[in-house]
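These notes concern the structure reproduced below.
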Amino acid sequence: MKLRVDRDALADAVAWTAKSLPVRPSVPVLAGALLAVADGRLTISGFDYEVSSQVTLDVSADASGTTLVSGKLLAEIVKALPNKPVDIAAEGSHVELTCGSARFTLPTMPVEDYPALPDMPGSVGTVDGAAFAAAVAQTAVAAGKDDTLPTMTGVQLELTSTGISLLATDRYRMAIKDLDWRPNSNDIEVTTLIPAKSLSDTAKALGARGGEVTIAMPDSAGGGVGMVGFSSTDRRTTSRVLDGQLPPLRSLLPATFAAELRVSASDLTSVARRVSLVAERNSQLRLSFDSDGLVVEAGGAEDAKASEALDCEYSGDPMKVAFNPQYLLDGLSAISAPGAVFSFTEPGKPVVLTGAKITDEDESDFTGYRYMLQPLRFDS
């Protein structure tokens, strides 16, 4: 196998594949990146039995072939190479990389021991890549991190003919995002639960390239059962899905509210970050508000305290609530809007956070996203 390839294109492709490789693989070959050359195209693949990734790029090839080398080491080497064409040649048990005067020799792993990548499920529709990446980022922030509750570590995709809904929760907060897509069928109705980390990595990588992302799901005949796939022009990835489904989260959203707080999202974020500097881990950030304004407070060890006031619009009876500081900041960053709207039913009950315009000149649409947060018991 011999080829020449653009250094930047190779670095981008190898980095994307290496990112999904396991740090501690169950078998050594799973730490490898599979390089296959045929018909002037180089395909780089990675697989750990849960997530597979594959990227294809054009090269100048003198000979076809397949080889397997350490993916993370290859990514580090290519990233450090000078900005010149890279020559790759596989001979026997080694691969040689040459770029200008730089030369690296890497040992190969047995290709015959490498597992076959799963087939891509059938396409069910396409979605704008940037919008999909933003939606995944907004919802994944609410997914759980506790592996003893695997269902809570996923983002649930609900696909219908009218749109896509993404939902996540860790029991203390939840996020819901609706967006448009282009389904292949008018009667589609599919629900699947995907590990939040793998979905986030995939959406971010494919969305950053612009264009459309194709969503692939198992067909009725059973092809690709237990996995979901995503692809763009030259990249594709598959991921296992989690067993079960999330509870009916939409039913938890209140139908009516007794009070509403409107405030600048960036101002509240800055204030919350400053005030929470004195808060110990797992302590609370307290918000007090009425028609005169909003006051944010926190207290820590050794009588450390902080408070700061800011302007707001508030309708309702005076109220005090307390939040986990990081959960509040996660929600404020996820709404991606200049204005933040907090809707309350009563103290101690879940609060719904949405984005909003601040001025009439803002033409952006911030509908379709809701972040619901459970307040903490208020400490005096």
Side-chain angles (χ1 to χ4, degrees), residues 9 12-13 16-17 19-20 41 43-47 50-58 117-140 143 154-168 175-242 245-246 334 336 364-369:
D12 183 47
W16 184 68
T17 303
K19 189 174 183 179
S20 63
R41 302 275 283 172
T43 300
I44 305 173
S45 308
F47 186 36
E50 294 193 356
V51 177
S52 75
S53 59
Q54 192 171 80
V55 56
T56 304
L57 60 159
D58 294 323
L117 268 67
D119 294 330
M120 193 75 164
S123 169
V124 294
T126 60
V127 63
D128 178 79
F132 183 61
V136 171
Q138 287 180 304
T139 49
V155 174
Q156 185 162 292
L157 263 65
E158 298 176 353
L159 310 177
T160 67
S161 59
T162 58
I164 299 178
S165 294
L166 297 92
L167 306 93
I176 300 176
K177 173 66 178 180
D178 301 318
L179 73 159
D180 296 328
W181 76 313
R182 288 158 290 283
N184 294 343
S185 171
N186 291 327
D187 59 357
I188 185 171
E189 189 169 335
V190 178
T191 297
T192 188
L193 189 62
I194 307 170
K197 184 180 184 307
S198 61
L199 181 61
S200 297
D201 291 343
T202 295
K204 183 178 180 181
L206 297 182
R209 302 175 61 80
E212 300 285 307
V213 170
T214 298
I215 302 175
M217 294 284 183
D219 57 36
S220 58
V225 170
M227 70 174 61
V228 62
F230 301 93
S231 63
S232 60
T233 304
D234 57 358
R235 302 188 180 198
R236 50 151 280 190
T237 181
T238 63
S239 171
R240 70 176 178 92
V241 298
L242 297 169
Q245 295 183 10
L246 296 178
S336 65
S364 301
D365 182 7
F366 302 108
T367 60
Y369 180 69

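As the structure is a prediction and not an experimental result, all values here were calculated from the model. Along the sequence shown, the residues carry numbers beginning at 1.
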If you compare all heavy atoms of Ala216 against all heavy atoms of Pro121, which two are closest, and at what distance to 0.1 Å? CB-O, 3.3 Å
Do Arg236 and Ser52 have side chains that approach each other closer than 4.5 Å (heavy atoms only, starting at C-beta)? yes
Pair Leu166-Leu157, side-chain contact (heavy atoms from CB on, under 4.5 Å): steps then yes or no: CA-CA 5 Å; Leu166 297 92; Leu157 263 65; 4.0 Å; yes
In Å, rounded to the nearest 0.5 Å, how long is the span from CZ of Phe132 to CD1 of Ile215? 5.0 Å
So which heavy atom on Ala140 is nearest to which on Ser200, and how close? CB-OG, 3.3 Å
Report the C-alpha separation of Ser231 and Met120 in whole Å, then their side-chain angles, then the decisive distance to 0.1 Å, and conclude whether the side-chain contact (heavy atoms from CB on, under 4.5 Å) test is met. CA-CA 9 Å; Ser231 63; Met120 193 75 164; 3.8 Å; yes
Rounded to the nearest 0.5 angstrom, the CG-OG distance for Asp178 and Ser165 is 3.5 Å
For Ala133 and Gly207, which heavy atoms make the closest approach, and how far apart are they? CB-CA, 4.1 Å
Is any side-chain heavy atom of Arg209 less than 4.5 Å from a side-chain heavy atom of Asp12? yes
Any non-hydrogen side-chain atom of Leu159 less than 4.5 Å from a side-chain atom of Trp181? yes
Within the distance-only criterion (no hydrogens, no angle test), does the side chain of Thr238 pair as donor or acceptor with the backbone N or O of Val228 below 3.5 angstrom? no
With the side chain counted from C-beta on, respond yes when Val127 and Val213 share a heavy-atom pair under 4.5 Å apart, and no when they do not. yes
Is there any salt bridge (Lys or Arg N to Asp or Glu O under 4.0 Å) pair reaching into residues 179-193, and which pairs are they, with sequence neighbours excluded? Arg182-Glu212
Between Pro118 and Met227, the two heavy atoms sitting closest are CB-CE, 3.4 Å
Shortest non-hydrogen contact from Ala334 to Gln138? O-NE2, 2.7 Å
Derivation of the side-chain contact (heavy atoms from CB on, under 4.5 Å) call for Val155 and Ile194: CA-CA 5 Å; Val155 174; Ile194 307 170; 5.6 Å; no
Do Val241 and Leu193 come close enough that some side-chain heavy atom pair is under 4.5 Å? no
Can you measure from NZ (Lys19) to NZ (Lys204) and round to the nearest 0.5 angstrom? 5.0 Å
Hey, are the side chains of Phe230 and Leu199 touching, using non-hydrogen atoms and a 4.5 Å cut-off? yes
Might you point out which heavy atoms bring Ser239 and Val51 nearest each other, and give the distance in Å? OG-CG2, 4.2 Å
Decide yes or no on side-chain contact (heavy atoms from CB on, under 4.5 Å) for Thr237 and Arg235, but give the supporting numbers first. CA-CA 7 Å; Thr237 181; Arg235 302 188 180 198; over 6 Å; no
Give a yes or no on whether the backbone of Ala135 and the side-chain of Thr139 come within a donor-acceptor separation of less than 3.5 Å. yes
Closer than 3.5 angstrom, by distance alone: can the side chain of Glu158 be matched with the main-chain N or O of Thr191 as a donor-acceptor pair? no
Is there a side-chain contact between Ser185 and Val124 (heavy atoms, below 4.5 Å)? no
Roughly how far, to the nearest 0.5 Å, is the OG1 atom of Thr17 from the CD atom of Gln54? 8.5 Å
Under 3.5 Å, is there a donor-acceptor pair between the Asp201 and Ser20 side chains? no
Would you call Arg41 and Asp234 a salt bridge, taking side-chain N to carboxylate O under 4.0 Å as the test? no
